[in-house]
Amino acid sequence: MMNPEQIANSTTILAIARLSMVLSLTTIGLIFWLYTKWQEDKLNTIRAQVTIAQNASSAASAKATDASDRLIAVEARQVQDAAAGARFQSEMLGAWTACRMPLSNYRTRCLR
């Protein structure tokens with residue numbers, strides 16, 4: 001049989017054990033809650049950074065498209081100018097060779 005002192009000690013120990021279990025569960029819950037809040041803050045920071053990166057990417061894409069369009073326009077103008085220059089050279093060369101004839105034909109063909 002147990003004496004009253006042993007019963008009191010076991011009751012005290014049992015109460016302390018139950019109290020520590022309750023406190024440990026509360027502490028674990030608090031730690032988990034703080035951790036999820038920390039994760040949520042980190043996730044919000046990452047979302048903000050992703051949004052900023054997407055906006056910068058969209059702006060860069062729009063600028064690249066605009067630059068590409070300008071480059072195409074410049075290249076088209078250069079091709080047109082080169083064709084006009086070649087046509088002018090061809091016509092001038094043809095006129096020059098046509099004008100290299102005797103002086104009697106020069107006045108009738110080249111000075112019109």
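Residue numbers start at 1 and run along the sequence shown. Hydrogens, waters and symmetry mates are skipped; everything else that's a heavy atom, side chains included, is used.
Grouping Ile, Leu, Val, Met, Phe, Trp and Tyr residues whose side-chain heavy atoms lie under 4.5 Å apart, directly or via other members, places Tyr35 in a hydrophobic cluster with Trp38. Cluster partners of Val74 are absent, since no Ile, Leu, Val, Met, Phe, Trp or Tyr has side-chain heavy atoms less than 4.5 Å from it.
Identified under the salt bridge (Lys or Arg N to Asp or Glu O under 4.0 Å) test for residues 74-89, with sequence neighbours left out: none.
Residue Ser68 is tested with Thr65, Leu71, Ile72 for a side-chain contact (heavy atoms from CB on, under 4.5 Å); the sole match is Ile72.
For Phe88, the side chain to side chain contact (heavy atoms under 4.5 Å, CB included) partners are Met92, not counting sequence neighbours. For Asp66, the salt bridge (charged side-chain N to carboxylate O under 4.0 Å, His left out) test picks out Arg70, with sequence neighbours left out.
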List the atom pairs, donor and acceptor, that lie under 3.5 Å between side-chain atoms in residues 43-50 and the rest of the protein, sequence neighbours left out.
unit_1: Asn44; atom_1: ND2; unit_2: Glu40; atom_2: O; d: 3.4
unit_1: Thr45; atom_1: OG1; unit_2: Asp41; atom_2: O; d: 2.9

Below 3.5 Å, can you tabulate the donor-acceptor pairs from side chains in residues 22-32 to any protein atom, sequence neighbours excluded?
unit_1: Ser24; atom_1: OG; unit_2: Ser20; atom_2: O; d: 3.2
unit_1: Ser24; atom_1: OG; unit_2: Met21; atom_2: O; d: 2.8
unit_1: Thr26; atom_1: OG1; unit_2: Val22; atom_2: O; d: 2.8
unit_1: Thr27; atom_1: OG1; unit_2: Leu23; atom_2: O; d: 2.7

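Between the Ser58 side chain and the Gln54 main chain, a donor and an acceptor come within less than 3.5 Å of each other.
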